[in-house]
Amino acid sequence: MNKKNYLGIFLLVLVVGVVVALNTDIKDKIFKDSSDGEENIVVSKNEDENVILEVTMNNSYKTGDIEELYKDSSVVLIAEFLSNGKTEIKNNGIPNTYISFKIKKVLKNDSGIELGDKIDAKRTGGTVTVQELIAARGPEYAKKMGIDNMSKVAVQNKLVKFVNSDNLGDKSLTEWKTRLLMLTYDKEDNSFVIMQDEYGMLSYDETTNKAFGIKEGKNVEYSFLEK
């Protein structure tokens, strides 16, 4: 199977749930669309008043086996999270956020690309403006979502947040910065991609040389982690 089947931007979106924050520009309604999955719009209150849409994506991944994922990755690193960069949403309508890491150890590099001290890799999800969302998905989508009559200022400043619905149980980037990072390379975009989102970005404990096991719900000593 082509490695691009692992990429977040090519993942099958099975269900997309949308939570709409209270806003005078948005009418109360429930909407379902089966063209690109399913979107449910429900009026709700969001902690950030600037976030008027919160989109929850359910993605279908090929494998949950980290040992297998290691074999299919072109680059595997022990890396330290530095910062989240810009989120981009292209014509396919799926957002990607670029994340910066400091490379601490290279476990595998079959990419043919020389690595430096730092690396940027993208994953699905992130926050974009309403204007960026409409540009990516079109005016008809905006009309169905009830965001077609917003003011120019609101369109430029109000935000839409995309998150993965799967609760994989791993620690957040800010809470646990050191990661076992599994990547592949997207030649079309000229960028590294985190394999299967959270599956390819596991928290790593340097003191025990173990990384988080999603199925196990605890740290695991994987065979490819050198002593």
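No experiment lies behind these values; they were computed from the predicted model shown.
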Measure up the F224 and Y70 rings against each other and bin them: parallel (under 30°), tilted (30 to 60°), perpendicular (over 60°).
parallel

Exercise: identify the closest heavy-atom pair between [X] and [Y]:
X    : Y    : result
G116 : I103 : O-CD1, 3.3 Å
L159 : V130 : N-CG2, 4.4 Å
L180 : A211 : CD2-CB, 3.7 Å
G125 : T97  : O-OG1, 2.6 Å
G93  : P95  : O-CD, 3.7 Å
K90  : A136 : O-CB, 3.2 Å

Distance from [X] atom [atom1] to [Y] atom [atom2], nearest 0.5 Å?
X    : Y    : atom1 : atom2 : result
I147 : Y141 : CD1   : OH    : 7.0 Å
D205 : K210 : CG    : NZ    : 9.0 Å
K144 : R137 : NZ    : CZ    : 10.0 Å
K86  : K122 : NZ    : NZ    : 14.0 Å
N157 : I52  : CG    : CD1   : 11.0 Å
L181 : M201 : CG    : CE    : 7.5 Å

For residues [X] and [Y]: do they belong to one hydrophobic cluster (side chain heavy atoms under 4.5 Å, members Ile, Leu, Val, Met, Phe, Trp, Tyr)?
X    : Y    : result
L82  : I119 : no
L173 : L183 : yes
W176 : I78  : no
M182 : I214 : yes

Salt bridge check, E206 against K104: does any charged N sit closer than 4.0 Å to a carboxylate O?
yes

Check: [X] side chain, [Y] main-chain N or O, donor-acceptor pair, under 3.5 Å:
X    : Y    : value
R123 : I194 : no
E132 : I89  : no
S83  : S100 : no
Y222 : F212 : yes

Taking the side chain as every heavy atom from C-beta outward, state whether [X] and [Y] have any atom pair closer than 4.5 Å.
X    : Y    : value
T129 : V155 : no
K158 : N50  : yes
F162 : V128 : yes
D148 : I134 : no
F101 : L77  : no

Pair [X], [Y]: side-chain N/O donor-acceptor within cut-off below 3.5 Å:
X    : Y    : value
T124 : N96  : no
Y98  : N84  : no
D170 : S203 : yes

For K108, I'd like to know if atom NZ has over 12 heavy atoms of other residues, nucleotides or ligands within 6.0 Å.
yes

Check whether more than 12 heavy atoms from other residues, nucleotides or ligands sit under 6.0 Å from atom NZ of K118, and answer yes or no.
no

Take Y204 and N209 through the side chain to side chain contact (heavy atoms under 4.5 Å, CB included) test and state the conclusion after the steps.
CA-CA 7 Å; Y204 172 78; N209 195 33; 2.4 Å; yes

Given the rule in the side chain to side chain contact (heavy atoms under 4.5 Å, CB included) test, do L53 and L133 qualify, once you have shown the distances and angles that lead to the verdict?
CA-CA 10 Å; L53 296 174; L133 178 67; 4.0 Å; yes

